[in-house]
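Values reported hereafter were calculated over all heavy atoms of this structure, with side chains retained and with hydrogens, waters and symmetry mates removed. Letters go in sequence order (proteins before strands), and every chain restarts at 1.
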Protein chains: 2
Amino acid sequence: MQVNLFYSINMPKGTRTRRRSGCPLNASVEMLGDRWSLLIIRDMMLRGSRTYKEFLNSHERIATNILADRLRRLENYGILATERDPSDGRKLIYRLTPKGIDLAPVLTEMVLWAARHEETGNQALVREMQNDKERLLATIRQRWAEGRHQSP
Amino acid sequence: MQVNLFYSINMPKGTRTRRRSGCPLNASVEMLGDRWSLLIIRDMMLRGSRTYKEFLNSHERIATNILADRLRRLENYGILATERDPSDGRKLIYRLTPKGIDLAPVLTEMVLWAARHEETGNQALVREMQNDKERLLATIRQRWAEGRHQSP
DNA sequence: AAATTTACTTGCATTTTACAAGTGAAATGT
DNA sequence: ACATTTCACTTGTAAAATGCAAGTAAATTT
């Protein structure tokens, strides 16, 4: 039997303790390089999703076990944090940490790149990002600083 | 037996024909959201890697079959293109297309994010990116326009 | 002509993902 | 008070992706 020394017990799958290299891009890829993590962050940042159920509603249809796993990983990485909903003890509120909010420029550039080179939707968002990247980023940061990131 | 209608024959694994959604971020994630693609692009853009063997030399140690698969996928997506080396018929030269070069801002933001929030190396590159993001991007673009992206 | 280099492919074990169904705690309806 | 619903998951299992070692064919070098 062989064990993978890059992983530890009691951690979600794929949560590495040792890095493959010290390159900062590699660090980002190890934390975010999969088919779901960045979409969860998008849902929090741009769509105001805060609960497990809200994440499940998004159009790409993530499986429930994968969602639970990714939320745990992102929390372990310090990208998001949780708290119980004081008004409903069943609900967990997920919110971005400062580290998570700092991903806004990464998401912006990925959106703009795809919009430039692929046929994609949500042209309103894309135009907003193109026209004044800095203003949008400031808005996102401020919305989170003020706690106005709750769902409508 | 069940078949997955999101995939087609004769395409590298994971190369989807239908998208999970029209969101531009999702498009980026479907093309680049794995543990290797962005590292290959980094090697081309920042380290000047051009051949299969040069990619294999990078510190994260990609497996040969995965590398072949990722190169095929990135070519299918139009992110890179190949040509035979005129002076050595065994060698294939991989180079970024304009679409691939346009990923420079994505890589930059991912590097800066990790450098800000994780302990990583290559502080020289990070400082260069911090100090003058636009100048570095202009340099990368120009280096590729001039064909000076060959290995040293 | 033999050895080496390059760019892969193949086979197989391990790990991850996807899908469907189920569970327990808290809240709501009657 | 008790049944029903909601919420946030977990579990089981099939399918797909990844990782590792070994092998191969064509071009080049010796």
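- With hydrogens and angles ignored, no donor-acceptor pair under 3.5 angstrom links the side chain of Arg90(B) to the base of dT28(D).
- Backbone-only contact: Arg72(A) has heavy atoms under 4.0 Å from sugar-phosphate atoms and none from a base.
- dT18(D) atom P lies 16 Å from atom CD of Glu60(B), rounded to whole Å.
- Atom-to-atom distance recorded for His117(B):NE2 and Leu103(A):CG is 7.5 Å, nearest 0.5 angstrom.
- Taking atom CG of residue Leu67(B) and atom P of nucleotide dA17(D), one finds them 18 Å apart after rounding to whole Å.
- Considering every non-hydrogen atom in both Arg61(A) and Leu56(A), the closest pair reads NH2-O, 2.8 Å.
- Here dA22(D) presents its P atom at 17 Å from CG of Leu56(B), a figure rounded to the nearest Å.
- With rounding to the nearest 0.5 Å, the separation of CG in Leu71(A) from CG in Leu80(A) is 6.5 Å.
- Arg70(B) comes within 4.0 angstrom of the backbone, heavy atoms only, and of no base.
- Counting heavy atoms from C-beta outward, Cys23(B) and Asn122(A) have side chains that stay 4.5 Å or more apart.
- In this structure, CZ of Arg73(B) is placed 16 Å from P of dC8(C), rounded to the nearest angstrom.
- Separating the CG atom in Leu25(B) from the CG atom in Leu38(A) is a distance of 6.0 Å, to the nearest 0.5 Å.
- For Trp36(B), a side-chain nitrogen or oxygen approaches OP1 or OP2 of dG19(D) to under 4.0 Å.
- Rounded to whole angstrom, the span from the CD1 atom of Ile40(A) across to the C1' atom of dC9(D) amounts to 14 Å.
- Rounded to a whole Å, the CZ atom of Arg35(B) is 13 Å from the P atom of dC20(D).
- Of the candidate nucleotides dT18(D), dT10(D), dT4(C), dT18(D) has the atom nearest to the side chain of Asp34(B).
- Using a 4.0 Å heavy-atom criterion, one finds that Arg84(B) contacts no nucleic acid atom at all.
- When distances are taken from the side chain of Thr51(A) to each of dC20(D), dA8(D), dT6(D), the shortest belongs to dA8(D).
- When the P atom of dG22(C) is taken as reference, atom CG of Asn65(A) falls 16 Å away, rounded to whole Å.
- For Lys53(B), taking side-chain heavy atoms from C-beta onward, the closest of the listed nucleotides dA18(C), dA7(C), dT10(C) is dA7(C).
- Comparing dA26(C), dT9(C), dT17(C) by their closest approach to the side chain of Ala68(B) singles out dT9(C).
- Taking the side chain of Tyr52(A) as heavy atoms from C-beta on, and the options dT6(C), dA8(D), dT9(C), the nearest nucleotide is dA8(D).
- If you check every strand for non-hydrogen atoms under 4.0 Å, Tyr94(A) touches sugar and phosphate atoms only.
- Comparing Asp69(A) and Gly89(A), the nucleotide of DNA chain C nearest to each residue sits closer to the 5' end for Asp69(A).
- Distance Ile66(B) CD1 to dT15(C) P: 15 Å, rounded to the nearest Å.
- Mapping Asp88(A) and Thr64(A) onto DNA chain D by nearest heavy atom places Asp88(A) at the nucleotide closer to the 5' end.
- Between Glu118(A) and Tyr77(B) the shortest side-chain heavy-atom distance does not fall below 4.5 Å.
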